[in-house]
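So you know, we letter chains A, B, ... as the sequences are listed, proteins then strands, and number each from 1.
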Protein chains: 2
Amino acid sequence: MTQLELARAGNISREMKRVAEEEGVDAEFVRAGIAQGTIVLPANVRHTNLDPCGIGQGLRTKVNANIGTSLDYGTVETELEKLRTCIEYKADTVMDLSTGGDIAGIRRSILAASPLPLGTVPIYQAAIEAVEGRGAIVNMTADDLFAVIEQQAKDGVDFMTVHCGVTQRSVAQLRRCKRLTNVVSRGGAFLTGWILHQQRENPLYEQFDRLLEIALRYDVTLSLGDGMRPGSLADATDGCQIEELLTLAELVERAREAGVQVMVEGPGHVPLDQVVANVQLEKRLCRGAPFYVLGPLVTDVAAGYDHIAGAIGGAIAAAAGADFLCYVTPSEHLSLPGNEDVREGIIASRIAAHAADIAKGIKGAAEWDRSMSTARRNLDWEEQARLSLDPERARRTHGRFGSEGATCSMCGPYCAMALVEEYLGIPVARC
Amino acid sequence: MTQLELARAGNISREMKRVAEEEGVDAEFVRAGIAQGTIVLPANVRHTNLDPCGIGQGLRTKVNANIGTSLDYGTVETELEKLRTCIEYKADTVMDLSTGGDIAGIRRSILAASPLPLGTVPIYQAAIEAVEGRGAIVNMTADDLFAVIEQQAKDGVDFMTVHCGVTQRSVAQLRRCKRLTNVVSRGGAFLTGWILHQQRENPLYEQFDRLLEIALRYDVTLSLGDGMRPGSLADATDGCQIEELLTLAELVERAREAGVQVMVEGPGHVPLDQVVANVQLEKRLCRGAPFYVLGPLVTDVAAGYDHIAGAIGGAIAAAAGADFLCYVTPSEHLSLPGNEDVREGIIASRIAAHAADIAKGIKGAAEWDRSMSTARRNLDWEEQARLSLDPERARRTHGRFGSEGATCSMCGPYCAMALVEEYLGIPVARC
């Protein structure tokens with residue numbers, strides 16, 4: 001039985017208990033959320049070393065980190081190093097998006113080493129195999145695609161991005177909308193090309209029941225991909241994007257009916273003043289299905305610093321109700337991320353998620369800030385470093401410029417914290 | 001005559017023309033905004049090499065970068081290097097907050113080299129001179145303080161942070177509010193200590209007319225500092241902060257009546273869901289005076305990455321109407337920023353300001369993104385780098401991992417941009 005079926009039957013699973021403990025909420029709250037479909041708990045029955053994590057309404061906003069090779073770069077070693085970075089800097093989930101080397105082997109190595117829920121985009125592997133075996137992506141068959149999905153499910157993949165909403169109607173919208181940047185999702189592009197070439201419907205849509213069957217068997221959480229997400233601010237919230245969202249909303253209902261856990265992916269590139277509307281639309285149309293946003297990036301111009309543009313959009317989205325932030329790294333739009341980019345991407349998204357959790361009133365969120373500010377008031381530098389997102393960086397930055405007093409090299413003896421405490425008569429550490 | 005007096009008299013100055021040209025708006029719009037007090041144009045009559053910039057409603061959101069020495073670190077050379085970074089990465093203004101070495105000499109060197117409007121916080125110099133000459137900050141006299149203000153005005157400083165709103169009433173509020181982090185503004189701390197020790201009123205408040213006289217003579221724009229700004233989320237939007245804001249609102253009126261340009265400084269540490277309220281309060285209480293926010297930081301825990309926490313808060317604040325973002329660097333709360341921190345801080349704030357400008361509908365803002373996305377669609381990497389905030393970083397990131405095709409090392413031949421264009425029949429560059 002899937003976590004959704006268990007929850008509907010009134011059972012609180014070991015995984016639900018673990019999520020409740022981790023979040024500091026009642027296990028019954030987690031069960032009820034899963035039963036309603038407002039929470040997902042990605043936990044493939046074959047991912048035996050999993051430490052499960054819940055995603056959805058009332059829980060802490062989660063952060064996903066994408067790793068994986070490309071044709072140009074990466075080996076199992078480089079990707080396992082990135083996985084360790086994900087664990088150390090506290091990503092909540094990881095997606096292996098490998099498109100180079102021994103894709104299945106890399107995935108299995110990552111799964112074996114990952115207590116974090118692992119996601120994939122199976123069409124990447126299917127597309128590469130189609131190029132190798134059939135000469136072109138567009139020659140891929142439905143059976144090819146479902147075979148890869150089944151293989152990945154058997155391997156223990158906890159959640160999969162499936163671009164079921166890219167349909168012949170999407171392609172019609174694409175022609176109508178005259179977008180600046182057409183399709184920027186790789187999976188979306190593969191399927192758009194396939195639909196145009198084959199003049200047939202997307203198998204992930206047409207044979208959605210076949211997908212549900214596999215997902216049900218292994219309890220794979222479906223992450224309904226937004227292949228038509230805007231790739232530039234100019235294309236945001238257009239007919240093409242919203243038409244796909246309507247399709248995804250129908251498929252959410254069908255997945256829930258089948259007992260399959262499901263979430264919905266969202267943009268992308270979105271002007272700051274449209275971010276809240278995008279979250280509200282998804283929540284309304286998809287009846288509270290967990291919303292997994294990529295960014296959103298609030299400007300197109302931040303190449304080299306897209307983790308910052310993504311943190312701005314992600315914080316606003318999550319405060320408005322988005323549940324799950326896919327990180328963006330400084331190398332977005334420029335190259336495959338290296339290990340340092342992974343760290344920076346995770347931290348930027350965690351700042352966004354945490355800022356939103358405070359605004360959402362998530363249990364325990366504001367306490368972290370209170371502890372940090374108490375340490376700051378006490379000029380307790382080691383405690384400040386310990387409480388920070390990157391203790392090593394905090395220690396290194398504080399230690400430079402030879403500040404040796406109780407304060408820091410910004411203010412030295414003119415530290416406001418120290419001065420006012422003295423005059424207000426409250427004893428604190430002094431320089 | 002100050003720019004405000006000129007504008008009120010119906011005159012469009014050379015500086016107003018330059019600002020209008022830079023912003024792509026009518027000079028009459030700039031004049032009217034200055035006359036109403038919703039725009040300031042910091043331009044000390046003695047800052048002869050100034051390229052002026054306007055700050056306020058209807059104009060592009062501006063970014064300030066703080067530089068300057070501390071007792072622990074910095075020389076005139078390190079600070080001139082930071083100034084060059086400010087110019088290269090397009091900060092709109094610079095503040096010299098030096099508290100170490102030959103403070104007056106450093107300021108004059110920076111002024112001589114700076115086409116950007118220069119701001120200072122004169123009480124820093126006054127406090128240090130009081131320590132040196134009178135044994136303690138709290139022994140500073142009103143004459144000492146005004147002498148420094150006059151000296152800095154004569155040197156050509158374009159805008160000055162003056163913590164006129166820290167009063168005996170603020171201190172009473174401070175005791176009442178039982179804050180977690182009392183006072184975190186250095187100027188605020190100096191004056192709180194002074195008030196408590198001297199048992200007298202803040203001279204910047206009591207002798208505000210004396211301040212107006214100096215500002216009028218040199219056309220120094222007053223930036224009414226928020227000495228009582230919250231230093232932790234727990235203290236945000238409390239009685240102490242809002243009491244000070246009410247005082248600043250009164251002083252805005254008095255400055256305007258005197259023909260002195262004035263803006264208002266704002267927090268600080270603010271939970272994401274209180275940022276908009278803070279902007280609305282300032283705009284309403286201070287009758288549209290330009291709002292200059294420090295961050296705001298939407299979490300206390302981001303030490304080492306506070307530029308990201310500040311970009312989130314700054315983007316939301318600016319989209320809600322804040323006009324001027326004081327950057328925050330990665331070294332905030334930990335040490336004096338180095339040159340690299342200055343660059344990262346400026347870029348993070350510029351992303352925030354630009355994202356907000358798109359949301360605000362500022363003229364030309366969205367066009368930048370459209371150009372970038374066009375270059376992206378065309379796989380024109382040199383144009384993408386040229387349009388980015390940090391062309392060198394964009395080129396370096398794109399060039400690594402040996403991607404030599406027309407696409408990048410993220411997707412290689414599986415580039416969505418390239419694939420879909422092919423199937424939609426629109427010719428673009430191909431790998």
Checklist entry - Between D235(A), L297(A), V138(A), T69(A), which residue shows the highest count of heavy-atom pairs closer than 4.5 Å to chain B? => result V138(A)
Item to check | Interface residue of largest heavy-atom contact number with chain B, from A311(A), G74(A), A234(A), G100(A), under 4.5 Å | outcome: A311(A)
Checklist entry - Looking only at heavy atoms, what is the nearest atom pair of A352(A) and I312(B), with distance? => result CA-CD1, 3.9 Å
Item to check | Residues of residues 313-320 of chain B within contact distance of chain A, non-hydrogen under 4.5 Å | outcome: A315(B), I316(B), A319(B)
Checklist entry - Which heavy atom in H398(A) sits nearest to a heavy atom in L334(B), and how many Å separate them? => result CD2-O, 3.1 Å
Next on the checklist: I'd like to know whether CD of Q198(A) has more than 12 heavy-atom contacts from other residues, nucleotides or ligands below 6.0 angstrom.
Outcome noted: yes
Item to check | Any side-chain heavy-atom pair of I358(A) and L272(B) under 4.5 Å | outcome: no
Next on the checklist: Are T397(A) and S335(B) packed together at the side-chain level, in the sense that at least one heavy-atom pair is separated by less than 4.5 angstrom?
Outcome noted: yes
Checklist entry - Do you know the tightest heavy-atom contact between A303(B) and R376(A)? => result CB-NH2, 4.0 Å
Checklist entry - Most heavy-atom pairs under 4.5 angstrom with chain B, which of G304(A), A302(A), A416(A)? => result A416(A)
Checklist entry - What is the distance from atom OG1 of T407(A) to atom CG of D72(B), rounded to the nearest 0.5 Å? => result 7.0 Å
Checklist entry - Taking every heavy-atom pair that is under 4.5 Å apart, which of G193(A), G68(A), P271(A), A375(A) has the most such pairs with chain B? => result G193(A)
Next on the checklist: Between L336(B) and S409(A), is there a side-chain heavy-atom distance shorter than 4.5 Å?
Outcome noted: yes
Checklist entry - Based on non-hydrogen pairs under 4.5 Å, which of D273(B), T374(B), I195(B) is most in contact with chain A? => result D273(B)
Checklist entry - Do Y414(A) and I137(B) have side chains that get closer than 4.5 Å, going by heavy atoms? => result yes
Item to check | Portion of P337(A) that has a non-hydrogen atom of chain B nearer than 4.5 angstrom | outcome: both
Checklist outcome for this item: Closest non-hydrogen contact found for M372(A) with D300(B) is CG-O, 3.2 Å
Next on the checklist: Does any backbone or side-chain atom of L71(A) lie under 4.5 Å from a heavy atom of chain B? Answer side chain, backbone, both or neither.
Outcome noted: side chain
Next on the checklist: So which residue, V184(A), D390(A), L180(A), I347(A), ends up with the most heavy-atom pairs under 4.5 Å with chain B?
Outcome noted: L180(A)
Checklist entry - Under a 4.5 Å cut-off applied to non-hydrogen side-chain atoms, are L387(A) and V301(B) in contact? => result no
Item to check | Separation of R393(B) CZ from S331(A) OG (nearest 0.5 Å) | outcome: 9.5 Å
Checklist entry - Heavy-atom distance under 4.5 Å to chain B: side chain of R395(A), backbone, both or neither? => result neither
Checklist entry - Contact part of A366(A) toward chain B, heavy-atom cut-off under 4.5 Å: side chain, backbone, both or neither? => result neither
Next on the checklist: Would you say that M410(B) contacts H333(A) through its side chain, given a criterion of any heavy-atom pair below 4.5 Å between the two side chains?
Outcome noted: no
Next on the checklist: Do R377(A) and S232(B) make a side-chain contact, defined as non-hydrogen atoms from C-beta onward lying under 4.5 Å apart?
Outcome noted: no
Item to check | Contact origin within D341(A) toward chain B - heavy atom pairs under 4.5 Å | outcome: side chain
Checklist entry - If you look at every heavy atom in T181(A) and S373(B), which pair is closest and at what distance? => result CG2-O, 3.7 Å
Item to check | T299(A) side, atom OG1; R350(B) side, atom CZ - distance, nearest 0.5 Å | outcome: 10.5 Å
Checklist entry - Among all residues two or more places apart in sequence or in another chain, which pass the side-chain hydrogen bond (donor to acceptor under 3.5 Å, both in side chains) test with E132(B)? => result none
Next on the checklist: So for L97(B), is it side chain, backbone, both, or neither that comes closer than 4.5 Å to the heavy atoms of chain A?
Outcome noted: neither
Next on the checklist: Does any backbone or side-chain atom of Q274(A) lie under 4.5 Å from a heavy atom of chain B? Answer side chain, backbone, both or neither.
Outcome noted: neither
Checklist entry - How many angstroms lie between CG in L389(A) and OH in Y305(B), if you round to the nearest 0.5 Å? => result 8.0 Å
Checklist entry - Counting heavy-atom pairs under 4.5 Å to chain A, which of V131(B), V298(B), T99(B) comes out on top? => result V298(B)
